[in-house]
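Data first, discussion second: the structure below is written as structure tokens.
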Amino acid sequence: MADSGDLIQRMLRSERSSFEEIVKLYAEDVLRQCCLLLGDRDEAQDVLQEAMLRLVHLVKAGKFRTANGSIKGFLMTASRNLCLDRLKKRVDFRSLDEDWVLAQAELSTTLSPDRAMDAARFESAFDKALTELTAAQRAVLVMHELNGESQSEIAATLGLHVECVRTHLYRARRKMRLLLARFAGEL
């Protein structure tokens, strides 16, 4: 595996293989984050391409410095920010009203606990459960749990109060527990 500096140097020399290697190394992680945030694979792929293009433009302009961070870090941050921009444009991003969704979730979690569960079914159910969250809840949950960002970092990124982030995180976790309750004890 090549280091960031080597890949950047190869990109500056216009070596096609350097870009292909970057895609091979990092696209899966970036795409997964985007899918989790947006809940739409096609839109996530658009964001992945846009983040990759931003990296190429920065490298070609001589503005990308590996001393400031890794390629993966840049791609994860750029794609996250692009996703958040898209989410902010959606009407429900700052919505906190979810009582009716919770009521629906309670009704849909009555599957038999005797059913066998494998990892693929759980992952599918988890991804579906994420789509049941509001855009803000999904963004906060992914940023906190997947990216390991603190509540204050998330608040600064999203332009929200820390208390609002805390509320979104609490509600997202509660709803995920409700939606995935049928898997309790099977993992």
Side-chain angles (χ1 to χ4, degrees), residues 1-4 7-8 11 17-59 64 66 68-90 92-93 101 105 117-151 153-158 160 165 168-183 186-187:
M1 174 155 54
D3 68 2
S4 293
L7 285 171
I8 297 301
M11 283 181 78
S17 64
S18 63
F19 184 75
E20 291 169 354
E21 190 171 341
I22 289 170
V23 170
K24 181 180 169 185
L25 290 171
Y26 308 120
E28 186 177 320
D29 291 336
V30 173
L31 185 61
R32 178 152 175 81
Q33 173 182 259
C34 294
C35 284
L36 290 172
L37 284 169
L38 298 170
D40 180 334
R41 187 166 181 82
D42 292 333
E43 194 173 5
Q45 288 174 331
D46 290 345
V47 170
L48 169 63
Q49 290 176 1
E50 193 172 340
M52 291 289 185
L53 285 173
R54 284 187 178 188
L55 174 65
V56 170
H57 290 307
L58 279 177
V59 169
F64 187 84
T66 56
N68 296 340
S70 68
I71 293 172
K72 182 178 180 180
F74 171 82
L75 290 172
M76 294 296 281
T77 301
S79 63
R80 181 199 65 206
N81 291 340
L82 290 166
C83 288
L84 294 175
D85 289 344
R86 288 174 183 236
L87 289 170
K88 286 177 183 177
K89 291 177 184 175
R90 294 181 183 173
D92 67 335
F93 183 75
V101 175
M117 169 78 318
D118 61 15
R121 264 188 54 221
F122 177 77
E123 185 174 334
S124 174
F126 183 84
D127 290 345
K128 185 178 183 315
L130 276 176
T131 66
E132 297 291 324
L133 300 177
T134 65
Q137 291 169 349
R138 188 170 45 253
V140 168
L141 185 70
V142 169
M143 292 170 74
H144 188 270
E145 301 298 338
L146 182 69
N147 295 349
E149 296 182 45
S150 71
Q151 292 177 8
E153 290 171 325
I154 296 168
T157 300
L158 298 179
L160 301 171
V165 169
H168 284 306
L169 185 59
Y170 169 78
R171 289 181 177 178
R173 286 175 172 163
R174 184 177 70 181
K175 192 183 300 184
M176 291 297 284
R177 274 193 301 272
L178 253 168
L179 293 170
L180 298 172
R182 66 181 178 223
F183 299 107
E186 294 183 26
L187 300 175

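All residue numbers refer to positions in the sequence shown, counting from 1.
Once rounded to the nearest 0.5 Å, the distance linking CG of L37 with CD of E43 reads 10.5 Å. Distance check, rounded to the nearest 0.5 Å: CZ of R41 to CG of D46 gives 12.0 Å. Rounded to the nearest 0.5 angstrom, L25 CG and I71 CD1 are separated by 8.5 Å. In this structure, Q33 CD and M143 CE are separated by 8.5 Å, a value rounded to the nearest 0.5 Å. If you take CZ on R177 and CG on L179, they are separated by 11.5 Å, rounding to the nearest 0.5 Å.
K24 pairs by the salt bridge (charged side-chain N to carboxylate O under 4.0 Å, His left out) definition with nothing, not counting sequence neighbours. By the side chain to side chain donor-acceptor pair (under 3.5 Å) test, Q151 pairs with R166, sequence neighbours left out. Under the salt bridge (charged side-chain N to carboxylate O under 4.0 Å, His left out) criterion, E145 pairs with R173, sequence neighbours left out. E50 pairs by the side chain to side chain contact (heavy atoms under 4.5 Å, CB included) definition with R54, L82, R86, not counting sequence neighbours. Every side chain to side chain contact (heavy atoms under 4.5 Å, CB included) that L53 has, sequence neighbours left out, goes to H57. Not counting sequence neighbours, the partners of T131 by the side chain to side chain contact (heavy atoms under 4.5 Å, CB included) test are K128. By the side chain to side chain donor-acceptor pair (under 3.5 Å) test, S17 is found to be paired with R10, residues two or more places apart in sequence or in another chain being considered. In terms of the side chain to side chain contact (heavy atoms under 4.5 Å, CB included) criterion, residue partners of A27 (sequence neighbours excluded) are, by chain and number, V23, L48, M52. A search for side chain to side chain donor-acceptor pair (under 3.5 Å) contacts involving D29 returns K72, not counting sequence neighbours. Looking at residues two or more places apart in sequence or on another chain, you find no side chain to side chain donor-acceptor pair (under 3.5 Å) involving Q49.
Formation of a donor-acceptor pair under 3.5 Å by the T77 side chain with backbone atoms of F74 is not found in this model. Using a distance-only test at 3.5 Å, with no hydrogens or angles considered, no donor-acceptor pair links the side chain of Q137 to the main chain of R171. Counting only distance, with no hydrogens or angles, the side chain of K175 and the backbone of L133 share no donor-acceptor pair below 3.5 Å.
Proximity of T157 to N81: side-chain heavy atoms (C-beta onward) are separated by under 4.5 Å at one or more points. Using a 4.5 Å cut-off on side-chain heavy atoms (C-beta onward), Q45 and L31 make contact.
Residues L141 and A172 share a closest heavy-atom pair of CB-CB, 4.1 Å. Nearest approach of E153 to G148, heavy atoms of both residues: OE1-O, 4.5 Å. Minimum interatomic distance between V47 and C83 (heavy atoms only, all atoms of both residues): CG1-SG, 3.8 Å.
Applying the side-chain contact (heavy atoms from CB on, under 4.5 Å) test between I154 and each of V142, V165, L169, L84 identifies V165 as the sole match.
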